[in-house]
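For reference, the structure discussed in these notes is given below.
Chain A is the first sequence line, chain B the second, and so forth, proteins listed ahead of strands; every chain is numbered from 1.
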Amino acid sequence: MAIATKPASGFRDFLPEDMRRRDYVFGIVEKVFKKYGFDKIDTPSVERLSTLLGKYGDEGDQLLFRILNRGDKLSKALDNEPGEGNLSETGLRYDLTVPLARVFAKYRSDLPPIFKRYQIAPVWRADRPQRGRYREFYQCDVDIVGSDSRLVEVEVVSALTEILNTLKFENFRVHVNHRELLKVMIESAGISSAQESTTLVALDKLDKIGIDGVKKELINRGLNDQQIDKLIGLSENLPDDNREKVNTLIERTSNIDRSKTVGEELLLILDLAENTVAGETLFFDPFLARGLSYYTGAIFEIRSDDFPGSLGGGGRYDELIGMFMKESVPACGFSLGLERIILLLEERGADFGEDAGPDVLVSVFSDELAGESLKVATEIRELGLKVDVYPGSGKFKKQFKYANTRKIKKVVVLAPDEVENGTISIKDMATTDQVTFSRAAYLDELKKLLA
RNA sequence: GUGGCUGUAGUUCAGUUGGUUAGAAUACUGGCUUGUGAUGCCGGGGGUCGCGGGUUCGAGUCCCGUCAGCCACCCCA
(Lines give C-alpha, C1' and ligand atoms only; values in the text may rest on other atoms or scores of the structure.)
Protein backbone atom coordinates (compact mmCIF):
# COMPACT_ATOMS: atom_id res chain seq x y z
CA MET A 1 0.00 0.00 0.00
CA ALA A 2 1.07 3.56 -0.67
CA ILE A 3 1.71 6.03 2.11
CA ALA A 4 -1.50 7.41 3.60
CA THR A 5 -2.52 10.63 1.86
CA LYS A 6 -5.12 11.81 4.34
CA PRO A 7 -3.93 14.70 6.44
CA ALA A 8 -3.34 13.93 10.11
CA SER A 9 -6.50 13.71 12.18
CA GLY A 10 -8.10 17.09 12.72
CA PHE A 11 -5.98 18.78 10.03
CA ARG A 12 -7.23 19.78 6.60
CA ASP A 13 -6.06 20.44 3.07
CA PHE A 14 -7.57 23.44 1.33
CA LEU A 15 -8.03 23.08 -2.42
CA PRO A 16 -8.44 26.08 -4.73
CA GLU A 17 -12.22 26.14 -4.30
CA ASP A 18 -11.85 26.09 -0.51
CA MET A 19 -9.24 28.81 -0.59
CA ARG A 20 -11.43 31.04 -2.73
CA ARG A 21 -14.16 30.93 -0.11
CA ARG A 22 -11.74 31.39 2.76
CA ASP A 23 -10.06 34.34 1.09
CA TYR A 24 -13.44 35.92 0.46
CA VAL A 25 -14.44 35.58 4.11
CA PHE A 26 -11.07 36.55 5.56
CA GLY A 27 -11.04 39.55 3.23
CA ILE A 28 -14.29 40.84 4.70
CA VAL A 29 -13.04 40.27 8.23
CA GLU A 30 -9.88 42.22 7.57
CA LYS A 31 -11.72 45.07 5.88
CA VAL A 32 -14.07 45.52 8.84
CA PHE A 33 -11.28 45.33 11.41
CA LYS A 34 -9.42 48.05 9.53
CA LYS A 35 -12.60 50.07 9.28
CA TYR A 36 -12.80 49.99 13.07
CA GLY A 37 -9.24 51.25 13.39
CA PHE A 38 -7.37 48.08 14.32
CA ASP A 39 -3.76 47.40 13.30
CA LYS A 40 -2.60 43.99 12.15
CA ILE A 41 0.16 41.99 13.83
CA ASP A 42 1.47 38.46 13.63
CA THR A 43 3.29 36.29 16.17
CA PRO A 44 5.05 32.91 16.02
CA SER A 45 3.07 29.69 15.94
CA VAL A 46 5.39 28.35 18.62
CA GLU A 47 5.45 29.83 22.12
CA ARG A 48 7.31 28.86 25.27
CA LEU A 49 5.30 26.60 27.51
CA SER A 50 5.91 29.09 30.31
CA THR A 51 3.92 31.59 28.24
CA LEU A 52 1.10 29.22 27.49
CA LEU A 53 0.60 27.17 30.65
CA GLY A 54 -1.72 28.32 33.38
CA LYS A 55 -3.66 30.80 31.26
CA TYR A 56 -6.52 28.68 29.97
CA GLY A 57 -7.42 26.53 32.96
CA ASP A 58 -6.65 22.84 33.44
CA GLU A 59 -8.66 21.75 30.41
CA GLY A 60 -6.78 24.16 28.21
CA ASP A 61 -3.38 23.05 29.47
CA GLN A 62 -4.30 19.47 28.59
CA LEU A 63 -5.11 20.46 25.02
CA LEU A 64 -1.79 22.15 24.25
CA PHE A 65 0.27 20.61 21.48
CA ARG A 66 3.74 20.33 22.97
CA ILE A 67 6.93 20.12 20.98
CA LEU A 68 9.29 17.37 22.08
CA ASN A 69 12.84 18.47 22.89
CA ARG A 70 15.55 17.12 20.62
CA GLY A 71 19.19 16.14 20.78
CA ASP A 72 21.08 16.39 24.06
CA LYS A 73 18.16 17.80 25.96
CA LEU A 74 16.02 14.84 24.99
CA SER A 75 18.73 12.22 25.69
CA LYS A 76 19.42 13.73 29.10
CA ALA A 77 15.74 13.81 29.96
CA LEU A 78 15.33 10.19 28.87
CA ASP A 79 18.41 9.13 30.85
CA ASN A 80 17.16 10.79 34.02
CA GLU A 81 13.48 10.97 34.73
CA PRO A 82 11.42 11.85 31.67
CA GLY A 83 8.40 13.94 32.63
CA GLU A 84 6.31 16.97 31.74
CA GLY A 85 9.03 19.29 32.98
CA ASN A 86 12.04 18.26 30.91
CA LEU A 87 10.68 16.69 27.72
CA SER A 88 9.25 19.84 26.22
CA GLU A 89 9.82 23.56 26.53
CA THR A 90 7.67 24.91 23.73
CA GLY A 91 4.25 24.31 22.23
CA LEU A 92 1.93 25.49 19.48
CA ARG A 93 -0.15 28.52 20.36
CA TYR A 94 -3.59 27.71 21.71
CA ASP A 95 -5.15 31.07 20.94
CA LEU A 96 -4.09 34.56 19.87
CA THR A 97 -4.92 36.40 23.07
CA VAL A 98 -2.12 35.07 25.26
CA PRO A 99 0.52 35.78 22.57
CA LEU A 100 -0.89 39.31 22.35
CA ALA A 101 -0.50 39.74 26.09
CA ARG A 102 3.13 38.62 25.82
CA VAL A 103 3.80 40.92 22.88
CA PHE A 104 2.21 43.91 24.59
CA ALA A 105 4.24 43.32 27.74
CA LYS A 106 7.46 43.11 25.76
CA TYR A 107 6.97 45.99 23.29
CA ARG A 108 4.82 48.29 25.34
CA SER A 109 7.08 51.31 24.84
CA ASP A 110 6.97 50.87 21.06
CA LEU A 111 3.19 50.62 20.93
CA PRO A 112 0.45 53.23 21.36
CA PRO A 113 -0.75 53.57 24.99
CA ILE A 114 -4.03 52.06 23.90
CA PHE A 115 -3.30 49.33 21.42
CA LYS A 116 -5.98 48.14 19.01
CA ARG A 117 -4.81 45.12 17.12
CA TYR A 118 -6.20 42.30 15.03
CA GLN A 119 -4.62 39.03 14.03
CA ILE A 120 -5.85 36.31 11.69
CA ALA A 121 -3.83 33.16 12.15
CA PRO A 122 -4.04 29.44 12.86
CA VAL A 123 -4.08 28.05 16.38
CA TRP A 124 -3.77 24.44 17.50
CA ARG A 125 -5.64 22.37 20.04
CA ALA A 126 -5.17 18.66 20.74
CA ASP A 127 -8.91 18.16 20.83
CA ARG A 128 -10.92 15.29 19.45
CA PRO A 129 -12.08 16.35 15.95
CA GLN A 130 -15.77 16.70 15.13
CA ARG A 131 -18.05 18.70 12.87
CA GLY A 132 -16.69 22.24 13.01
CA ARG A 133 -13.96 21.19 15.41
CA TYR A 134 -10.43 20.89 14.15
CA ARG A 135 -6.97 20.56 15.63
CA GLU A 136 -5.72 23.37 13.45
CA PHE A 137 -8.05 26.28 12.80
CA TYR A 138 -7.93 29.98 12.12
CA GLN A 139 -8.97 32.53 14.67
CA CYS A 140 -9.78 36.12 13.85
CA ASP A 141 -8.89 38.05 16.95
CA VAL A 142 -9.55 41.69 17.81
CA ASP A 143 -8.43 43.20 21.06
CA ILE A 144 -8.07 46.61 22.66
CA VAL A 145 -5.32 46.77 25.26
CA GLY A 146 -4.82 49.57 27.75
CA SER A 147 -8.32 50.94 28.17
CA ASP A 148 -10.68 50.38 31.05
CA SER A 149 -13.65 51.94 29.28
CA ARG A 150 -16.86 49.95 28.59
CA LEU A 151 -16.74 51.55 25.17
CA VAL A 152 -14.12 48.95 24.33
CA GLU A 153 -16.49 46.04 24.89
CA VAL A 154 -19.04 47.71 22.65
CA GLU A 155 -16.56 48.50 19.86
CA VAL A 156 -15.38 44.92 19.76
CA VAL A 157 -18.87 43.40 19.68
CA SER A 158 -19.92 45.98 17.16
CA ALA A 159 -17.04 45.06 14.82
CA LEU A 160 -17.86 41.38 14.85
CA THR A 161 -21.56 42.03 14.41
CA GLU A 162 -20.72 44.09 11.35
CA ILE A 163 -18.57 41.27 9.97
CA LEU A 164 -21.38 38.75 10.36
CA ASN A 165 -23.89 41.18 8.84
CA THR A 166 -21.61 41.82 5.85
CA LEU A 167 -21.28 38.06 5.34
CA LYS A 168 -25.09 37.90 5.43
CA PHE A 169 -24.72 35.44 8.27
CA GLU A 170 -28.11 35.24 9.89
CA ASN A 171 -29.67 33.68 12.93
CA PHE A 172 -27.10 34.48 15.62
CA ARG A 173 -26.93 36.28 18.95
CA VAL A 174 -24.08 37.62 21.00
CA HIS A 175 -24.63 36.37 24.52
CA VAL A 176 -23.21 38.67 27.15
CA ASN A 177 -22.62 38.18 30.84
CA HIS A 178 -20.13 39.22 33.50
CA ARG A 179 -17.73 37.02 35.43
CA GLU A 180 -18.33 39.02 38.60
CA LEU A 181 -22.07 38.69 38.26
CA LEU A 182 -21.70 34.93 38.20
CA LYS A 183 -19.65 35.10 41.37
CA VAL A 184 -22.23 37.38 42.99
CA MET A 185 -25.02 34.94 42.13
CA ILE A 186 -23.10 32.03 43.55
CA GLU A 187 -22.20 33.90 46.71
CA SER A 188 -25.76 35.09 47.04
CA ALA A 189 -26.96 31.48 46.99
CA GLY A 190 -24.57 30.65 49.81
CA ILE A 191 -22.28 28.50 47.67
CA SER A 192 -18.63 28.43 48.69
CA SER A 193 -15.96 29.74 46.36
CA ALA A 194 -14.46 26.24 46.27
CA GLN A 195 -17.55 25.04 44.44
CA GLU A 196 -17.69 28.06 42.20
CA SER A 197 -16.13 26.69 39.04
CA THR A 198 -17.96 23.39 39.16
CA THR A 199 -21.22 25.24 39.66
CA LEU A 200 -20.50 27.49 36.71
CA VAL A 201 -19.94 24.51 34.44
CA ALA A 202 -23.33 23.09 35.37
CA LEU A 203 -25.09 26.43 34.97
CA ASP A 204 -23.57 26.99 31.56
CA LYS A 205 -25.52 24.00 30.27
CA LEU A 206 -28.91 25.44 31.17
CA ASP A 207 -30.08 25.98 27.61
CA LYS A 208 -28.96 22.47 26.67
CA ILE A 209 -30.24 20.32 29.54
CA GLY A 210 -32.92 22.56 31.06
CA ILE A 211 -33.54 23.52 34.67
CA ASP A 212 -34.12 19.94 35.83
CA GLY A 213 -30.91 18.80 34.17
CA VAL A 214 -28.97 21.56 35.87
CA LYS A 215 -30.51 20.64 39.23
CA LYS A 216 -29.44 17.02 38.84
CA GLU A 217 -25.96 18.07 37.82
CA LEU A 218 -25.65 20.37 40.84
CA ILE A 219 -26.78 17.62 43.18
CA ASN A 220 -24.15 15.35 41.67
CA ARG A 221 -21.60 18.05 42.27
CA GLY A 222 -22.41 18.11 45.95
CA LEU A 223 -24.61 21.17 46.40
CA ASN A 224 -27.48 20.97 48.87
CA ASP A 225 -31.13 21.60 48.03
CA GLN A 226 -31.23 24.96 49.69
CA GLN A 227 -28.29 26.26 47.67
CA ILE A 228 -29.71 24.87 44.45
CA ASP A 229 -33.17 26.32 45.04
CA LYS A 230 -31.69 29.73 45.72
CA LEU A 231 -29.49 29.60 42.66
CA ILE A 232 -32.26 28.40 40.37
CA GLY A 233 -34.63 30.89 41.98
CA LEU A 234 -32.39 33.71 40.79
CA SER A 235 -33.01 32.69 37.22
CA GLU A 236 -36.71 31.93 37.29
CA ASN A 237 -39.30 34.15 35.61
CA LEU A 238 -36.82 36.68 34.31
CA PRO A 239 -38.18 39.40 32.04
CA ASP A 240 -37.30 39.28 28.33
CA ASP A 241 -35.78 42.72 28.04
CA ASN A 242 -32.02 42.78 28.62
CA ARG A 243 -32.04 45.79 30.95
CA GLU A 244 -34.99 44.61 33.02
CA LYS A 245 -33.32 41.24 33.30
CA VAL A 246 -30.15 42.80 34.70
CA ASN A 247 -32.15 44.96 37.11
CA THR A 248 -34.11 41.98 38.36
CA LEU A 249 -30.91 40.08 39.06
CA ILE A 250 -29.43 43.07 40.89
CA GLU A 251 -32.48 43.09 43.17
CA ARG A 252 -32.42 39.34 43.74
CA THR A 253 -28.75 39.41 44.72
CA SER A 254 -28.95 42.57 46.82
CA ASN A 255 -27.58 40.65 49.81
CA ILE A 256 -24.16 40.95 48.15
CA ASP A 257 -22.54 44.40 48.11
CA ARG A 258 -20.92 44.20 44.67
CA SER A 259 -24.18 43.26 43.01
CA LYS A 260 -25.11 46.81 42.09
CA THR A 261 -21.75 47.93 40.65
CA VAL A 262 -21.44 44.81 38.52
CA GLY A 263 -24.97 45.14 37.25
CA GLU A 264 -24.41 48.77 36.38
CA GLU A 265 -21.39 47.78 34.31
CA LEU A 266 -23.58 45.49 32.25
CA LEU A 267 -26.25 48.16 31.91
CA LEU A 268 -23.65 50.62 30.66
CA ILE A 269 -22.49 48.15 28.00
CA LEU A 270 -26.08 47.55 26.90
CA ASP A 271 -26.77 51.30 26.79
CA LEU A 272 -23.65 52.16 24.81
CA ALA A 273 -24.33 49.30 22.41
CA GLU A 274 -27.60 50.94 21.40
CA ASN A 275 -25.51 53.46 19.44
CA THR A 276 -23.98 50.73 17.29
CA VAL A 277 -24.95 47.59 15.37
CA ALA A 278 -24.14 45.63 18.53
CA GLY A 279 -27.44 46.86 19.97
CA GLU A 280 -29.40 44.42 17.82
CA THR A 281 -27.40 41.32 18.61
CA LEU A 282 -26.51 41.51 22.32
CA PHE A 283 -28.46 39.12 24.49
CA PHE A 284 -27.97 39.14 28.24
CA ASP A 285 -27.53 35.56 29.40
CA PRO A 286 -26.94 35.32 33.17
CA PHE A 287 -25.65 31.74 32.82
CA LEU A 288 -23.01 32.24 30.19
CA ALA A 289 -19.80 31.13 31.89
CA ARG A 290 -16.95 30.48 29.43
CA GLY A 291 -14.12 28.20 30.41
CA LEU A 292 -11.02 30.23 29.65
CA SER A 293 -9.78 31.24 33.05
CA TYR A 294 -8.24 34.59 32.12
CA TYR A 295 -11.53 36.49 31.81
CA THR A 296 -12.25 38.98 34.60
CA GLY A 297 -15.19 41.13 33.49
CA ALA A 298 -17.75 41.10 30.72
CA ILE A 299 -17.79 37.91 28.67
CA PHE A 300 -19.28 37.26 25.23
CA GLU A 301 -20.13 34.34 23.07
CA ILE A 302 -21.69 34.09 19.60
CA ARG A 303 -24.34 31.43 19.39
CA SER A 304 -26.56 30.15 16.64
CA ASP A 305 -29.35 27.58 16.70
CA ASP A 306 -27.65 25.88 13.74
CA PHE A 307 -24.56 24.94 15.70
CA PRO A 308 -24.24 23.33 19.12
CA GLY A 309 -21.01 25.06 20.17
CA SER A 310 -19.75 28.58 20.12
CA LEU A 311 -19.04 30.60 16.97
CA GLY A 312 -16.78 33.02 18.70
CA GLY A 313 -16.14 34.33 22.15
CA GLY A 314 -14.37 36.93 24.14
CA GLY A 315 -14.40 39.25 27.06
CA ARG A 316 -12.41 41.43 29.37
CA TYR A 317 -9.18 40.10 30.83
CA ASP A 318 -7.65 42.79 33.03
CA GLU A 319 -5.12 40.56 34.80
CA LEU A 320 -3.62 38.55 31.94
CA ILE A 321 -1.04 41.07 30.73
CA GLY A 322 0.07 41.57 34.34
CA MET A 323 1.25 37.96 34.29
CA PHE A 324 3.93 39.05 31.79
CA MET A 325 4.95 42.36 33.42
CA LYS A 326 4.93 44.11 36.78
CA GLU A 327 2.02 46.38 36.05
CA SER A 328 -1.45 45.13 35.24
CA VAL A 329 -3.00 46.46 32.05
CA PRO A 330 -6.70 46.27 31.26
CA ALA A 331 -7.70 44.56 28.02
CA CYS A 332 -10.70 43.22 26.20
CA GLY A 333 -11.07 41.26 23.01
CA PHE A 334 -12.94 38.82 20.91
CA SER A 335 -12.10 35.85 18.79
CA LEU A 336 -14.23 34.97 15.80
CA GLY A 337 -14.60 31.29 14.88
CA LEU A 338 -14.42 31.81 11.16
CA GLU A 339 -14.08 28.10 10.41
CA ARG A 340 -17.45 27.38 11.92
CA ILE A 341 -19.04 30.39 10.28
CA ILE A 342 -17.72 29.28 6.88
CA LEU A 343 -19.07 25.80 7.59
CA LEU A 344 -22.55 27.17 8.32
CA LEU A 345 -22.46 29.53 5.34
CA GLU A 346 -21.62 26.56 3.11
CA GLU A 347 -24.43 24.51 4.61
CA ARG A 348 -26.82 27.40 4.02
CA GLY A 349 -25.71 27.60 0.38
CA ALA A 350 -24.31 31.11 0.74
CA ASP A 351 -22.79 33.10 -2.08
CA PHE A 352 -19.02 33.47 -1.79
CA GLY A 353 -18.60 35.85 -4.69
CA GLU A 354 -17.36 35.27 -8.20
CA ASP A 355 -15.13 32.43 -9.26
CA ALA A 356 -11.72 33.97 -9.78
CA GLY A 357 -10.14 31.49 -12.21
CA PRO A 358 -8.26 32.52 -15.37
CA ASP A 359 -10.19 34.53 -18.01
CA VAL A 360 -8.48 33.05 -21.04
CA LEU A 361 -6.65 29.90 -22.04
CA VAL A 362 -4.15 30.19 -24.87
CA SER A 363 -3.91 26.82 -26.56
CA VAL A 364 -0.62 25.42 -27.85
CA PHE A 365 -0.89 23.57 -31.15
CA SER A 366 2.59 22.09 -31.18
CA ASP A 367 6.00 22.55 -29.64
CA GLU A 368 7.00 24.55 -32.71
CA LEU A 369 4.19 27.02 -32.11
CA ALA A 370 4.68 27.24 -28.31
CA GLY A 371 6.65 30.45 -28.67
CA GLU A 372 3.86 32.01 -30.72
CA SER A 373 1.34 31.07 -28.00
CA LEU A 374 3.51 32.63 -25.31
CA LYS A 375 3.80 35.81 -27.35
CA VAL A 376 0.02 36.03 -27.63
CA ALA A 377 -0.43 35.25 -23.93
CA THR A 378 1.95 38.08 -23.05
CA GLU A 379 -0.10 40.50 -25.17
CA ILE A 380 -3.33 39.45 -23.48
CA ARG A 381 -1.79 39.65 -20.02
CA GLU A 382 -0.83 43.23 -20.74
CA LEU A 383 -4.54 44.00 -21.00
CA GLY A 384 -4.83 43.01 -17.35
CA LEU A 385 -6.58 39.70 -17.98
CA LYS A 386 -5.75 36.48 -16.17
CA VAL A 387 -4.26 34.19 -18.79
CA ASP A 388 -3.34 30.54 -18.66
CA VAL A 389 -1.17 29.08 -21.43
CA TYR A 390 -1.80 25.37 -21.87
CA PRO A 391 1.13 23.78 -20.07
CA GLY A 392 2.27 21.52 -22.91
CA SER A 393 1.09 20.97 -26.44
CA GLY A 394 -0.91 18.49 -28.44
CA LYS A 395 -4.50 17.47 -28.86
CA PHE A 396 -7.00 20.27 -28.73
CA LYS A 397 -9.42 17.78 -27.26
CA LYS A 398 -7.31 17.64 -24.15
CA GLN A 399 -6.80 21.37 -24.08
CA PHE A 400 -10.52 22.13 -24.27
CA LYS A 401 -11.24 19.63 -21.59
CA TYR A 402 -8.61 21.30 -19.47
CA ALA A 403 -10.29 24.67 -20.07
CA ASN A 404 -13.55 23.19 -18.84
CA THR A 405 -12.15 21.79 -15.63
CA ARG A 406 -10.63 25.19 -14.93
CA LYS A 407 -13.90 26.93 -15.83
CA ILE A 408 -12.14 29.13 -18.37
CA LYS A 409 -14.63 30.96 -20.58
CA LYS A 410 -12.53 31.83 -23.66
CA VAL A 411 -9.90 29.79 -25.47
CA VAL A 412 -7.51 31.41 -27.91
CA VAL A 413 -6.84 29.04 -30.80
CA LEU A 414 -3.53 29.45 -32.55
CA ALA A 415 -2.81 26.76 -35.14
CA PRO A 416 -0.80 26.76 -38.41
CA ASP A 417 -3.78 28.23 -40.31
CA GLU A 418 -4.00 31.19 -37.97
CA VAL A 419 -0.29 31.76 -38.02
CA GLU A 420 -0.14 31.66 -41.83
CA ASN A 421 -3.09 34.03 -42.25
CA GLY A 422 -2.02 36.33 -39.43
CA THR A 423 -5.24 35.71 -37.51
CA ILE A 424 -6.35 34.50 -34.12
CA SER A 425 -9.46 32.50 -33.30
CA ILE A 426 -11.35 32.86 -30.05
CA LYS A 427 -13.67 30.14 -28.91
CA ASP A 428 -16.40 30.79 -26.39
CA MET A 429 -16.66 27.69 -24.20
CA ALA A 430 -20.24 28.36 -23.15
CA THR A 431 -21.74 28.91 -26.62
CA THR A 432 -19.16 26.80 -28.59
CA ASP A 433 -18.91 29.68 -31.08
CA GLN A 434 -15.50 30.25 -32.59
CA VAL A 435 -14.69 33.51 -34.35
CA THR A 436 -11.52 34.41 -36.23
CA PHE A 437 -10.04 37.89 -35.82
CA SER A 438 -7.11 39.70 -37.31
CA ARG A 439 -4.04 40.05 -35.12
CA ALA A 440 -4.89 43.73 -34.85
CA ALA A 441 -8.46 43.20 -33.70
CA TYR A 442 -8.48 40.16 -31.40
CA LEU A 443 -7.33 42.08 -28.34
CA ASP A 444 -10.34 44.38 -28.65
CA GLU A 445 -12.57 41.33 -28.51
CA LEU A 446 -10.86 40.06 -25.36
CA LYS A 447 -11.00 43.49 -23.74
CA LYS A 448 -14.74 42.92 -23.37
CA LEU A 449 -13.90 40.42 -20.64
CA LEU A 450 -12.52 43.20 -18.48
CA ALA A 451 -15.96 44.70 -17.98
C1' G B 1 -10.52 11.30 28.07
C1' U B 2 -15.84 8.42 27.81
C1' G B 3 -19.77 6.25 24.76
C1' G B 4 -22.32 4.96 19.90
C1' C B 5 -22.12 4.14 14.52
C1' U B 6 -19.30 3.11 10.05
C1' G B 7 -14.82 1.04 7.15
C1' U B 8 -15.47 -2.37 -0.50
C1' A B 9 -11.73 1.22 -7.09
C1' G B 10 -9.22 8.30 -6.78
C1' U B 11 -14.62 9.62 -5.23
C1' U B 12 -19.96 8.18 -4.12
C1' C B 13 -21.88 3.57 -3.25
C1' A B 14 -24.12 -1.89 -4.67
C1' G B 15 -22.74 -6.77 -3.17
C1' U B 16 -28.87 -11.81 -1.50
C1' U B 17 -29.19 -17.33 3.96
C1' G B 18 -21.38 -17.40 3.76
C1' G B 19 -20.52 -20.25 -2.53
C1' U B 20 -16.56 -19.86 -8.84
C1' U B 21 -12.69 -14.72 -11.55
C1' A B 22 -15.93 -8.56 -6.29
C1' G B 23 -19.69 -4.82 -9.45
C1' A B 24 -22.01 0.18 -10.94
C1' A B 25 -21.77 5.34 -11.44
C1' U B 26 -18.27 9.08 -11.67
C1' A B 27 -13.23 10.50 -12.47
C1' C B 28 -8.83 9.17 -15.43
C1' U B 29 -7.35 7.18 -20.21
C1' G B 30 -7.58 5.27 -25.76
C1' G B 31 -10.67 5.10 -30.18
C1' C B 32 -15.06 6.59 -33.39
C1' U B 33 -13.09 12.36 -34.91
C1' U B 34 -4.55 13.78 -37.15
C1' G B 35 -7.75 21.48 -35.66
C1' U B 36 -12.25 21.55 -31.03
C1' G B 37 -14.59 20.38 -24.87
C1' A B 38 -19.21 19.75 -22.10
C1' U B 39 -23.97 15.39 -24.99
C1' G B 40 -23.39 9.84 -27.83
C1' C B 41 -21.11 4.90 -28.86
C1' C B 42 -17.00 1.18 -28.14
C1' G B 43 -12.54 -0.07 -25.36
C1' G B 44 -8.59 0.30 -21.19
C1' G B 45 -6.10 0.75 -16.57
C1' G B 46 -7.37 0.99 -11.44
C1' G B 47 -9.34 -3.19 -5.42
C1' U B 48 -4.33 -8.21 -0.72
C1' C B 49 -13.04 -5.63 0.42
C1' G B 50 -8.94 -0.71 6.72
C1' C B 51 -5.36 -4.17 9.32
C1' G B 52 -4.52 -8.83 12.32
C1' G B 53 -6.46 -13.23 14.10
C1' G B 54 -10.56 -16.87 14.56
C1' U B 55 -14.97 -20.06 12.93
C1' U B 56 -15.75 -22.83 8.20
C1' C B 57 -14.66 -27.37 2.86
C1' G B 58 -15.23 -22.07 1.62
C1' A B 59 -15.39 -15.21 4.57
C1' G B 60 -16.33 -8.73 1.39
C1' U B 61 -20.40 -11.29 4.27
C1' C B 62 -20.15 -14.41 10.85
C1' C B 63 -16.96 -13.73 15.70
C1' C B 64 -12.80 -11.31 18.46
C1' G B 65 -9.04 -7.71 18.54
C1' U B 66 -6.88 -3.39 16.47
C1' C B 67 -6.54 1.06 13.73
C1' A B 68 -9.02 4.93 11.15
C1' G B 69 -13.30 8.01 10.13
C1' C B 70 -17.98 10.13 11.67
C1' C B 71 -21.43 11.41 15.66
C1' A B 72 -22.55 12.43 20.88
C1' C B 73 -20.44 13.82 25.77
C1' C B 74 -16.51 16.83 28.15
C1' C B 75 -14.61 21.32 26.59
C1' C B 76 -14.39 24.91 22.89
C1' A B 77 -13.71 28.55 17.82
Watson-Crick/G-U partner (both atom distances under 3.5 Å) of [N]:
N	result
B:A25	B:U11
B:G1	B:C73
B:A38	none
B:U48	none
B:A68	B:U6
B:U61	none

Answer yes or no: does a side-chain N or O of [X] lie under 4.0 Å from OP1 or OP2 of [N]?
X	N	answer
A:Arg290	B:A77	yes
A:Gln130	B:C70	no
A:Ser9	B:G69	yes
A:Lys395	B:G31	yes

Rounded [atom1] spacing from [N] to [M] in Å:
N	M	atom1	result
B:U48	B:U12	C1'	23 Å
B:A9	B:G52	P	15 Å
B:U66	B:G1	P	14 Å
B:C28	B:G35	P	23 Å
B:G50	B:U33	C1'	44 Å
B:G30	B:U8	P	29 Å
B:A22	B:C67	C1'	24 Å
B:U20	B:U61	P	14 Å

What integer distance in Å separates [X]:[atom1] from [N]:[atom2]?
X	N	atom1	atom2	answer
A:Arg406	B:A38	CZ	P	19 Å
A:Asn404	B:C28	CG	C1'	15 Å
A:Phe300	B:C76	CZ	C1'	18 Å
A:Leu361	B:G35	CG	C1'	15 Å
A:Lys6	B:C51	NZ	P	13 Å
A:Leu63	B:A77	CG	C1'	12 Å
A:Arg12	B:C70	CZ	C1'	16 Å
A:Asn421	B:G35	CG	P	15 Å

cation_pi([X], [Y]) dist<6.0 Å, angle<=45:
X	Y	result
A:Lys116	A:Phe38	yes
A:Arg348	A:Phe169	yes
A:Lys395	A:Phe365	no
A:Lys40	A:Phe33	no
A:Arg135	A:Phe65	no

Answer with base, sugar-phosphate or nothing: what part of the nucleic acid does [X] contact at a heavy-atom distance below 4.0 Å?
X	value
A:Lys427	base
A:Asp417	base
A:Tyr402	nothing
A:Arg131	sugar-phosphate
A:Ala415	base
A:Gly132	base
A:Glu301	nothing
A:Val123	nothing

Ring-on-base stacking B:U36 with A:Phe396 (under 5.5 Å, under 30°):
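No; centroid distance or tilt outside limits.
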
Stacking check: are the rings of A:Phe137 and B:A77 less than 5.5 Å apart at their centres and under 30 degrees in tilt?
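Given the distance and angle limits, yes, they stack.
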
With respect to the side chain of [X], which nucleotide from [options] is positioned closest?
X	options	answer
A:Thr432	B:U29, B:G37, B:C70	B:G37
A:Phe400	B:C70, B:U29, B:U36	B:U36
A:Arg133	B:C71, B:C76, B:G69	B:C76

Checking A:Val419 now: which residues fulfil side-chain contact (heavy atoms from CB on, under 4.5 Å) with it, not counting sequence neighbours?
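In terms of side-chain contact (heavy atoms from CB on, under 4.5 Å), with neighbours along the sequence ignored, A:Val419 is linked to A:Leu369, A:Glu372, A:Leu414.
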
Record whether the side chain of [X] comes under 3.5 Å of the base of [N] through a donor-acceptor pair of N or O atoms.
X	N	answer
A:Gln434	B:U36	yes
A:Lys397	B:U36	no
A:Glu59	B:G1	no
A:Arg340	B:C76	yes

Position toward the 5' end of RNA chain B (nearest nucleotide), A:Ser335 or A:Asp428
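Taking each residue's closest nucleotide, the earlier one in sequence belongs to A:Asp428.
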
Closest-nucleotide ordering on RNA chain B, the 5'-leading residue of A:Val413 and A:Gly312
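By nearest-heavy-atom nucleotide position, the 5'-most residue is A:Val413.
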
Exercise: do A:Gln119 and A:Thr43 side chains pair donor with acceptor under 3.5 Å
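Distance-only check passes for A:Gln119 and A:Thr43.
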
With distance as the sole criterion, is a donor-acceptor pair present between the side chains of A:Thr97 and A:Asp141 under 3.5 Å?
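Indeed, the side chains of A:Thr97 and A:Asp141 share at least one donor-acceptor pair under 3.5 Å.
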
Sub-3.5 Å donor-acceptor pair from the side chain of A:Asp318 to the main-chain atoms of A:Thr296, do we have one?
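Not at all, since once roles are kept as given, no pair shorter than 3.5 Å links the two residues.
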
